[in-house]
Each structure stands twice: as C-alpha cells, then as structure tokens.
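Here's the structure, in structure tokens; my notes come after.
Predicted, not measured: the structure shown is a model, and the values here were computed from it. Whatever order the structure lists them in is the order used to number ligands and atoms, beginning at 1.
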Amino acid sequence: MSEIIDGKAVASEIRADLRDAIETLTDAGTRPGLATVLMGDDPASETYVSMKQRDCEEVGIEGIHVDVDGDAPAEELYDTIDDLNDDPEVHGYIVQAPVPDHVDYQEVIRRVDPGKDVDGFHPENVGRLVAGDARFRPCTPHGVQKLLEAYDVETEGADVTIVGRSNIVGKPLANLLIQKADDGNATVTVCHSRTENLAEKTRTADVVVAAVGVPELIDGDMIGEGAVVIDVGVNRVAADTETGYELVGDVAFESAKEKASAITPVPGGVGPMTRAMLLYNTVVAASEQTGVDVELP
Ligand code: GUN
C-alpha cells in the first residue's frame with residue numbers, strides 16, 4: 001500500500017506563500033498580471049483556462065483573458081501576442097495549447113517576449129534552463145519537483161525514469177533533474193514511443209514519471225517495489241458519467257498503488273501543482289520587471 005501524494009494540498013500551501021509575495025508587489029505599486037489566450041473552443045482548454053483565471057483571483061493576481069476566434073487568421077493571434085508584449089499591466093501570459101492547425105505554434109512560442117513567457121517555452125528560456133540558469137521553470141516539471149520535495153523524495157543519486165519526451169514535460173523535467181542542484185542530481189532515463197522493453201526501464205527506477213498521454217499505460221507490473229510514481233497524464237476517456245467521460249492518468253492507479261511507496265492520483269496530483277507554478281512564474285516575472293524583490297516558496 002502506498003501513500004497518496006496530495007497535490008491539491010501542496011499547491012494550496014504554495015498559493016498561500018505566493019499571496020505574501022503578491023501583496024509585497026501590490027504594496028510596492030504593481031499588482032502582478034497574468035493573461036491567458038485561448039484560440040478556438042476546445043472544451044478541455046476552456047476548462048484549464050478558466051481554472052487558471054480562478055486561481056489568479058484567489059491569490060490577488062490580476063487575471064486577463066483573451067479569446068481569439070478559432071477560424072481567425074494566424075495574424076490575429078500574433079497581433080494579440082504583440083499587444084500583450086507591449087502591455088505593462090501584463091507581466092506574464094500563456095497561449096493555451098493546442099492552437100488550431102493553421103497556426104504555427106513554434107512561431108507563437110518565438111513571438112512571446114521571453115521575459116513574459118511564464119510557460120518557459122521560448123527558446124531563450126529553454127536554453128537558459130538547459131544551461132542551469134533558468135528564469136522560468138516550465139510549470140509541470142517545476143510542480144513535479146515541488147511535489148517530490150514536499151514528500152521528502154530525495155532526487156540526489158535516484159534513478160528516475162520519465163516516460164514521455166514532450167517539450168512541455170519530459171524534456172524540461174529531464175534537464176531539471178540532472179542539474180547539479182539540491183532538487184536535481186538524479187540519473188535520468190527518458191523513454192518514449194520507440195523505447196524497447198519499456199517495463200525494464202520503469203521497473204528499476206526509484207521514481208517513475210509518466211507523461212506520455214496514453215491512458216493507464218503504466219501498470220503495477222511495470223513499477224518496482226517501493227518506487228515513487230508521479231502521474232502527469234490527464235486523459236479523457238468515455239465513461240457512463242454525467243459528462244460522458246472520466247479523467248484517467250497514464251498510470252493504472254489501482255495496480256500501481258500496490259507496488260509504489262507513494263503515488264499521485266489523477267485528478268488531484270500534478271494538475272493543481274502545474275497551476276500553482278504558473279502563479280509562481282507570474283510572480284517571478286512581475287518581480288523581475290519591477291525590480292521589487294520577493295520571497296518565493
Ligand atoms: N496545454 C497543455 N498544457 C499546457 C501548458 O503547460 N501551457 C500551455 N500554454 N498550454 C498547454
């Protein structure tokens with residue numbers, strides 16, 4: 001039996017700590033501002049964005065939301081980005097992915113002012129992270145690091161297997177965990193869809209991070225006795241519920257929890273941490289832009 005890692009509780013503590021920093025900035029004359037941009041009407045994205053706006057309200061960040069019609073030309077999104085880059089009240093913003101097919105997402109990422117790039121996706125910020133000089137840690141990897149820290153999971157010398165090589169989670173998390181740092185110093189294996197003998201790589205790991213987007217790919221047979229399991233997956237699968245779907249992770253929770261020493265649930269594990277770290281990055285951005293120092297959690 002394993003300990004259930006309570007991401008909701010840890011995220012709530014981080015938000016509480018951030019409130020002090022936000023108050024410091026606000027008292028010094030600048031209320032931190034976070035904008036969310038959504039192009040199109042993907043229902044999951046709409047939910048994520050509205051949760052992010054609700055988080056802003058809770059902690060005292062000025063939340064601004066911009067909708068862009070899904071059929072509008074790409075230039076309309078680029079113009080929105082240019083406007084946000086120029087808006088002094090917006091310290092950070094994100095363009096919710098996925099964007100419609102006719103929009104070049106890499107151009108979107110390159111166009112965001114790196115100082116306002118609270119996703120941490122701009123090439124300048126990716127480069128800084130890899131070089132060990134991160135300005136913004138991408139929210140989900142940072143959230144995973146904070147969860148491990150909150151549950152006293154030592155990364156130094158640990159064998160960590162990450163399943164998934166996305167630019168949003170797998171690649172930045174691998175880079176963060178190999179840094180020479182207290183929350184790094186791990187030996188990291190990154191697996192993906194072409195990995196052979198996946199179970200061999202997960203079974204020997206002290207920490208398994210599943211971030212591959214395949215419902216319940218990782219089951220108890222693939223987890224070593226006593227490993228820590230972090231499930232980043234959020235998959236909507238058809239179910240006989242009011243909404244017609246349920247959320248499941250990339251880990252088969254019931255069987256994995258029989259082997260793991262600690263495991264995150266879905267929902268209530270990594271998701272709330274991702275959102276908390278977006279607020280964190282907004283505070284970092286506002287502090288950097290105003291020159292007002294704050295204490296960060
Ligand atoms: N879509 C899914 N995850 C993310 C994220 O972390 N940032 C943005 N901008 N879009 C996403």
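- The backbone N or O of Leu129 sits less than 3.5 Å from a side-chain atom of Gln179, completing a donor-acceptor pair.
- Listed by first then second residue, pairs satisfying ring-ring contact (aromatic ring centres under 6.0 Å, His included) with a partner in residues 278-297 read His142-Tyr280, not counting sequence neighbours.
- Nearest protein neighbour of atom 3 (N) of ligand 1, counting heavy atoms only, is Ile168 CD1, 4.2 Å.
- At the shortest separation from atom 1 (N) of ligand 1 among protein heavy atoms lies Ala97 O, 2.9 Å.
- Listed by atom number, the atoms of ligand 1 under 4.0 Å from Val95 heavy atoms are 8 (C), 9 (N).
- Formation of a donor-acceptor pair under 3.5 Å by the Asp231 side chain with backbone atoms of Thr264 is not found in this model.
- At least one heavy atom of Phe121 sits less than 4.0 Å from an atom of ligand 1.
- In terms of protein heavy-atom proximity, atom 11 (C) of ligand 1 is nearest to Gln96 NE2, 3.5 Å.
- Tested against Tyr93, the residues Thr36, Asn85, Asp87, Asp117 include a single side-chain hydrogen bond (donor to acceptor under 3.5 Å, both in side chains) partner, Asn85.
- Proximity of Thr140 to ligand 1 is not established, as no heavy-atom distance is less than 4.0 Å.
- Residue pairs meeting the side-chain hydrogen bond (donor to acceptor under 3.5 Å, both in side chains) criterion with at least one member in residues 251-260, sequence neighbours excluded, are Glu254-Lys257.
- When only interatomic distances are considered, the shortest N/O to N/O separation between Asp119 and ligand 1 falls below 3.5 Å.
- Within the 4.5 Å cutoff, no side-chain heavy atoms of Cys191 are placed close to those of Thr202.
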